[in-house]
Amino acid sequence: MDLVAPPPFLASDYIVRFASERWEAAGAAELRRQVFCTEQGVFDHDDRDATDAVATTIVALSTLAGGPDEVIGTVRIHQSAPGIWWGSRLAVAPAYRRVGIIGPALIRLAVSSAHAMGCVRFFAHVQSPNELLFRRLHWAKIEQLALHGREHLLMQADLAYYPPIADGTIGFHAARRAA
């Protein structure tokens, strides 16, 4: 008799917040390395740059028994000039991409927390295959360009759809729907 292995466990409840623990920051850095270096080959060994010194790291955490367990998504935000904010290095662990709520939840906290900190315009360079996701989340395409040898879009969030979230360290819980 052939036994079929059960599908891998995927948490159904998530916490999205600013990284506040050392293990969260380390998990975010490792996920970025896996996605942008190993999987996509955008960078050779490390994707870290000068923006990391001034950016706030946001993480999506899977939960186990109600507590945070593993970094399954990340994005960083920073202010480049008064009122002008950027999001970058959005990454979701491969097993959780099909869940469909991790990327949008990270984007929501990124824009909404920046909005609470005085953001008047929020931008991101988005890889072209992700354009539809961002359009659905009320972002507008400004221009098309090439970055790191890949087609990207400069996009801007419509802040009217992102009410301020005053405390990104608390963040929020997100849950996937039962199948």
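Every value quoted in this text rests on a predicted model; they were computed, and no experiment measured them. We use all heavy atoms of the structure for the numbers below, so side chains are in, but hydrogens, waters and symmetry mates are not.
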Asker: Heavy-atom count check: over 12 atoms from other residues, nucleotides or ligands less than 6.0 Å from Phe172 CZ?
Answerer: yes
Asker: Is a salt bridge present between Asp52 and Arg32, judged by a nitrogen-to-oxygen distance below 4.0 Å?
Answerer: yes
Asker: So if you build clusters from Ile, Leu, Val, Met, Phe, Trp, Tyr with side-chain heavy-atom gaps below 4.5 Å, do Ile101 and Phe134 land together?
Answerer: yes
Asker: Counting only heavy atoms not in Arg121, do more than 12 sit closer than 6.0 Å to its CZ atom?
Answerer: no
Asker: When you compare the side chain of Trp85 with that of Met117, does any pair of heavy atoms fall below 4.5 Å?
Answerer: yes
Asker: Using the test side-chain hydrogen bond (donor to acceptor under 3.5 Å, both in side chains), find all partners of Gln40 that sit at least two apart in sequence or belong to another chain.
Answerer: Gln127
Asker: Would you mind listing every side chain to side chain donor-acceptor pair (under 3.5 Å) that reaches into residues 162-172, with sequence neighbours excluded?
Answerer: Trp139-Tyr162, Asp167-Thr169
Asker: Are Ile107 and Leu133 side-chain neighbours, meaning at least one heavy-atom pair lies under 4.5 Å?
Answerer: yes
Asker: I'd like to know whether Arg76 forms a side-chain hydrogen bond (donor to acceptor under 3.5 Å, both in side chains) with Ser88, so could you lay out the CA-CA distance, the side-chain angles of the two residues, the decisive distance to 0.1 Å, and finally the verdict.
Answerer: CA-CA 5 Å; Arg76 67 182 182 181; Ser88 55; 2.6 Å; yes
Asker: Does a side-chain heavy-atom distance below 4.5 Å link Pro68 with Trp23?
Answerer: yes
Asker: Test question: given the 4.5 Å side-chain rule for I, L, V, M, F, W and Y, name all other residues clustered with Val4, or answer none.
Answerer: none
Asker: Using the side-chain hydrogen bond (donor to acceptor under 3.5 Å, both in side chains) definition, which of the options Glu131, His152, Glu151 pairs with Gln144?
Answerer: Glu151
